[in-house]
Protein chains: 2
Amino acid sequence: MNPLTIGKLAKQADLSVETLRYYERLGLIAPQQRSEAGYRLYRPDVIRRLRFIRRAQALGFSLEEIAELLALSGNPAASAGEVKALTQAKIADIERRIRDLERMRQALDGLAEQCPGHRATTVDCPILGALNGEDQ
Amino acid sequence: MNPLTIGKLAKQADLSVETLRYYERLGLIAPQQRSEAGYRLYRPDVIRRLRFIRRAQALGFSLEEIAELLALSGNPAASAGEVKALTQAKIADIERRIRDLERMRQALDGLAEQCPGHRATTVDCPILGALNGEDQ
DNA sequence: CTAAACCCTGTAGTCGACTACAGAGTCAAG
DNA sequence: CTTGACTCTGTAGTCGACTACAGGGTTTAG
């Protein structure tokens with residue numbers, strides 16, 4: 001298991017070659033070295049880094065935020081407080097988005113309940129009525 | 001209050017002129033006619049249509065979906081069932097997004113709780129630990 | 001009558017996370 | 001030794017909802 005070419009890494013990590021080059025442009029990963037012909041050669045443990053990225057994405061972090069997390073992760077002298085702060089900011093962000101969606105869902109629920117569906121034409125549709133500002 | 005030029009309409013509706021032209025490209029609005037010089041002239045009641053669009057956006061509908069809603073709204077023979085179906089699909093969509101976000105929030109919450117923050121370095125940070133796949 | 005303020009079309013840029021080439025060079029199997 | 005699979009760089013396209021020009025023509029206030 002020596003240096004991986006980008007195609008092998010892509011297969012191992014289940015990502016496309018283009019995505020890997022894209023991550024490199026963003027500074028998320030880098031090949032350990034280049035071959036004489038300029039081919040990227042990766043150490044196998046970059047796969048761990050890619051898994052880090054995927055897990056962080058699943059938690060809602062953007063690639064830019066993940067770059068910060070990776071930088072902190074690579075600096076043993078850095079404080080866990082910074083990671084915690086990023087995490088709490090993300091929690092706040094997610095909570096705000098949830099609240100927005102909850103508000104929409106409630107409004108839509110109320111309207112859908114009132115709507116008689118196929119027993120009426122659009123003229124009597126309370127959903128369209130609300131969108132047309134018939135109440136308030 | 002006769003035909004509005006696009007600038008006046010933009011002011012009245014609190015939208016930019018560019019946005020109005022963009023909505024026209026998408027088929028959401030159309031000027032009643034054009035002046036001799038080719039200027040768009042709108043009937044004042046297009047403002048109601050723009051409010052419809054804004055309300056629907058606030059409920060989470062995309063402009064493409066709003067075009068459908070407007071088409072149904074303009075067809076008195078159409079069934080309210082179609083509007084209800086669109087609404088219920090949107091509710092389902094929003095609920096799925098809420099569930100995804102809830103899952104993220106829960107995971108982040110758990111991690112943030114365990115993290116000692118500034119009392120530790122990143123080496124002992126459980127958040128980074130989790131991202132590195134230390135558990136499971 | 002002139003200058004500011006308006007309007008037109010058409011094109012391109014923004015954000016984020018990719019995806020898809022084109023055109024060229026390189027490597028590995030048979 | 002050839003052919004196919006791989007890799008390189010660089011550029012452009014995708015989605016959605018705008019936003020921002022450039023380079024013209026038109027209208028209106030003073």
Side-chain angles (χ1 to χ4, degrees), chain A residues 2-42 46 49-50 52-70 90 93-94 97 100-101 104, chain B residues 2-42 46 49-50 52-70 90 93-94 97 100-101 104:
Chain A
N2 266 336
L4 295 164
T5 57
I6 197 167
K8 300 218 162 84
L9 176 57
K11 210 154 285 171
Q12 299 255 338
D14 198 29
L15 287 170
S16 78
V17 167
E18 287 81 11
T19 299
L20 292 174
R21 289 197 279 245
Y22 173 63
Y23 284 0
E24 180 175 334
R25 272 210 301 290
L26 297 189
L28 294 171
I29 60 169
Q32 185 199 12
Q33 62 185 93
R34 295 277 186 140
S35 76
E36 278 197 19
Y39 284 23
R40 292 168 177 82
L41 297 174
Y42 298 93
V46 76
R49 204 172 168 89
L50 291 169
F52 183 110
I53 293 169
R54 234 203 310 263
R55 290 196 186 93
Q57 276 187 309
L59 292 176
F61 290 103
S62 68
L63 294 181
E64 196 177 344
E65 290 161 342
I66 293 169
E68 283 186 74
L69 289 171
L70 283 167
K90 182 54 60 182
D93 172 41
I94 287 175
R97 284 155 65 191
D100 286 352
L101 290 170
M104 292 181 197
Chain B
N2 266 335
L4 295 164
T5 57
I6 198 167
K8 300 217 161 86
L9 176 59
K11 210 154 285 171
Q12 298 256 337
D14 198 28
L15 288 169
S16 78
V17 166
E18 287 81 12
T19 299
L20 292 174
R21 288 198 278 246
Y22 173 64
Y23 284 0
E24 181 175 334
R25 273 211 301 290
L26 297 188
L28 294 171
I29 60 169
Q32 185 199 11
Q33 63 185 89
R34 294 278 185 139
S35 76
E36 278 195 19
Y39 285 23
R40 292 168 177 83
L41 297 174
Y42 297 93
V46 76
R49 204 172 168 89
L50 291 170
F52 183 110
I53 293 169
R54 233 202 311 261
R55 291 198 187 92
Q57 277 187 310
L59 292 176
F61 289 103
S62 69
L63 294 180
E64 197 177 343
E65 290 162 342
I66 293 169
E68 283 187 75
L69 290 171
L70 283 167
K90 183 52 59 181
D93 173 40
I94 288 175
R97 284 156 65 192
D100 286 352
L101 289 170
M104 292 181 197

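A note on names: the letters A, B, ... follow the listed sequences, proteins ahead of strands, and every chain is numbered from 1. FYI, side chains are in, hydrogens and waters are out, and symmetry mates aren't considered; it's all heavy atoms of this structure.
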If only side-chain N and O atoms of [X] are considered, is one of them under 4.0 Å from the OP1 or OP2 phosphate oxygen of [N]?
X     : N      : result
A/R34 : D/dT9  : yes
A/T19 : C/dT19 : yes
A/T5  : D/dT7  : yes
A/R40 : D/dT9  : yes
A/R21 : D/dC8  : yes

Relative to the 5' end of DNA chain C, which residue comes earlier, A/A37 or A/Y23, by the nucleotide with the nearest heavy atom?
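It is A/Y23 whose nearest nucleotide is closer to the 5' end.
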Assign A/I6 to base, sugar-phosphate, or nothing according to its heavy-atom contacts below 4.0 angstrom with the strands shown.
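Result for A/I6 = sugar-phosphate.
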Does A/R25 or A/Y39 map to a spot on DNA chain D nearer the 5' end, using the closest nucleotide for each?
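Here A/Y39 is the residue nearer the 5' end.
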Roughly how many Å is it from [atom1] in [X] to [atom2] in [N], rounded to a whole number?
X     : N      : atom1 : atom2 : value
B/E18 : C/dT11 : CD    : C1'   : 13 Å
A/L26 : C/dT19 : CG    : C1'   : 14 Å
B/I66 : D/dG16 : CD1   : P     : 13 Å
A/Y22 : D/dT9  : OH    : P     : 17 Å
A/L20 : C/dT19 : CG    : P     : 11 Å

